[in-house]
There are 2 protein chains.
Amino acid sequence: MPDRSLKTVVEQLKAVAHPLRLRVLGLLAGGELCVCQVAEVLQVPASSVSEALRELRRAGFVVERKEGRWVHVSLAPSQTPLVEALTLAAAELPEVAEDRSRVPAVRGLGVPAVCQKQQP
Amino acid sequence: MPDRSLKTVVEQLKAVAHPLRLRVLGLLAGGELCVCQVAEVLQVPASSVSEALRELRRAGFVVERKEGRWVHVSLAPSQTPLVEALTLAAAELPEVAEDRSRVPAVRGLGVPAVCQKQQP
DNA sequence: ACATCGTTTCGTATTTTTCCGAAATTTCAA
DNA sequence: TTGAAATTTCGGAAAAATACGAAACGATGT
């Protein structure tokens with residue numbers, strides 16, 4: 001049973017009341033991605049993405065799946081209506097559509113290729 | 001046309017990612033109240049309520065209606081789906097149900113009586 | 001074992017938020 | 001016009017959030 005107390009809901013809202021974290025959430029609505037892919041698509045330092053994901057995970061929006069040295073993140077399944085609404089709103093942001101348009105290219109390259117071009 | 005850009009949505013989420021502001025929002029889902037009634041029901045200093053309402057107004061959640069020296073606040077009509085979902089989630093908080101149970105008594109007294117017992 | 005790559009944690013300077021009493025403001029009423 | 005009541009604004013100290021490079025960590029391949 002998901003917690004819906006004031007404290008919990010405020011934590012969820014705080015997690016998402018942040019430009020980068022909201023963009024990450026919207027991006028993941030398009031499907032699972034590896035952390036390095038998120039950093040590449042968003043053009044943001046990996047440590048910032050990692051911290052954003054930590055908060056989203058704490059609040060229960062996303063889950064991770066480790067595979068070797070990669071960490072794949074995706075939306076946590078079956079959420080409360082509020083979380084669903086937040087995720088949907090994030091996915092519909094114009095800025096996220098913009099971000100999302102860069103995903104196919106990044107996916108096409110494959111994870112290793114993407115991550116190796118991180119630091120030029 | 002309501003703005004749905006990243007910046008705006010983040011402002012809306014920040015406005016509501018706060019215990020007192022979320023409680024106020026949920027309380028107003030039960031109908032219009034005067035500022036002094038909100039302060040009385042929530043047992044919180046009037047200046048805190050005023051500041052909470054300022055943020056909620058900035059973000060477009062509530063509107064005010066001045067009547068003499070009283071200010072009545074209520075939910076802004078016809079919102080974006082996200083705002084609707086946030087308001088609904090606030091209204092369904094257990095803590096807000098608790099708050100709401102104190103409304104009839106306060107309403108019964110009438111605005112002047114309520115506000116005059118603010119500072120004993 | 002070593003170097004490397006993806007990721008997380010840490011350090012931390014900077015900014016933002018929070019909270020509430022005091023003071024200011026506005027409105028009504030005597 | 002004076003006083004009182006409802007609300008807002010102000011002050012400012014304390015707590016929290018932000019951002020990102022540097023360092024640490026863990027897994028892989030040679």
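Letters A, B, ... are given to chains in the order of the sequence lines, protein chains preceding strands, and every chain is numbered from 1.
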Tell me which nucleotide among [options] gets nearest to the side chain of [X].
X	options	answer
B:His18	D:dA19, D:dT8, C:dC19	C:dC19
B:Arg21	C:dG21, C:dT8, C:dT18	C:dT18
A:Ala46	D:dG29, C:dT8, D:dT8	C:dT8
B:Ser50	C:dT18, C:dT4, D:dT9	D:dT9

Take A:Ser48 and B:Arg57, find for each the nucleotide of DNA chain D with the closest heavy atom, and name the residue whose nucleotide sits nearer the 5' end.
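Final value for this comparison: B:Arg57.
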
Nearest-nucleotide 5' precedence on DNA chain D, A:Ser47 against A:Glu67
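The answer here is A:Ser47.
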
Given atom [atom1] of [X] and atom [atom2] of [N], what is their separation to the nearest angstrom?
X	N	atom1	atom2	value
A:Lys14	D:dA17	NZ	P	5 Å
B:Leu42	D:dT7	CG	P	14 Å
B:Arg58	C:dT16	CZ	P	13 Å
A:Arg69	C:dA3	CZ	P	16 Å
B:Trp70	D:dA4	CH2	P	17 Å
B:Leu20	C:dC19	CG	P	7 Å
A:Glu64	D:dG26	CD	P	14 Å
A:Gln43	D:dA19	CD	C1'	17 Å

If the threshold is 4.0 Å, N to carboxylate O, is there a salt bridge linking B:Glu92 and A:Arg4?
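Looking at A:Arg4 together with B:Glu92, the answer is no, because their closest N to O distance does not fall below 4.0 Å.
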
What is the distance from atom CD of B:Glu55 to atom CZ of B:Arg57, rounded to the nearest 0.5 Å?
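Result: 9.5 Å between the selected atoms.
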
A:Leu82 CG to A:Leu13 CG distance, which is reported to the nearest 0.5 Å:
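Interatomic distance, A:Leu82 CG to A:Leu13 CG, rounded to 0.5 Å: 5.5 Å.
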
Looking at the base of C:dC19, is there any donor atom on it, or on the side chain of B:Glu51, that sits under 3.5 Å from an acceptor on the other one?
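Answer no: no donor N or O sits under 3.5 Å from an acceptor.
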
Ignoring backbone atoms, test whether A:Arg54 places a side-chain nitrogen or oxygen under 4.0 Å from the OP1 or OP2 oxygen of C:dT8.
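It does not, given that no N or O in the side chain of A:Arg54 lies less than 4.0 Å from OP1 or OP2 of C:dT8.
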
Closest heavy-atom pair and its distance - B:Ala39, B:Ala46
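In terms of heavy atoms, the two residues are closest at CB-CA, 4.3 Å.
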
hydrophobic_cluster_shared for B:Leu56 and B:Val63, side chain cutoff 4.5 Å
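As far as the 4.5 Å side-chain criterion goes, B:Leu56 and B:Val63 are not connected within one cluster.
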
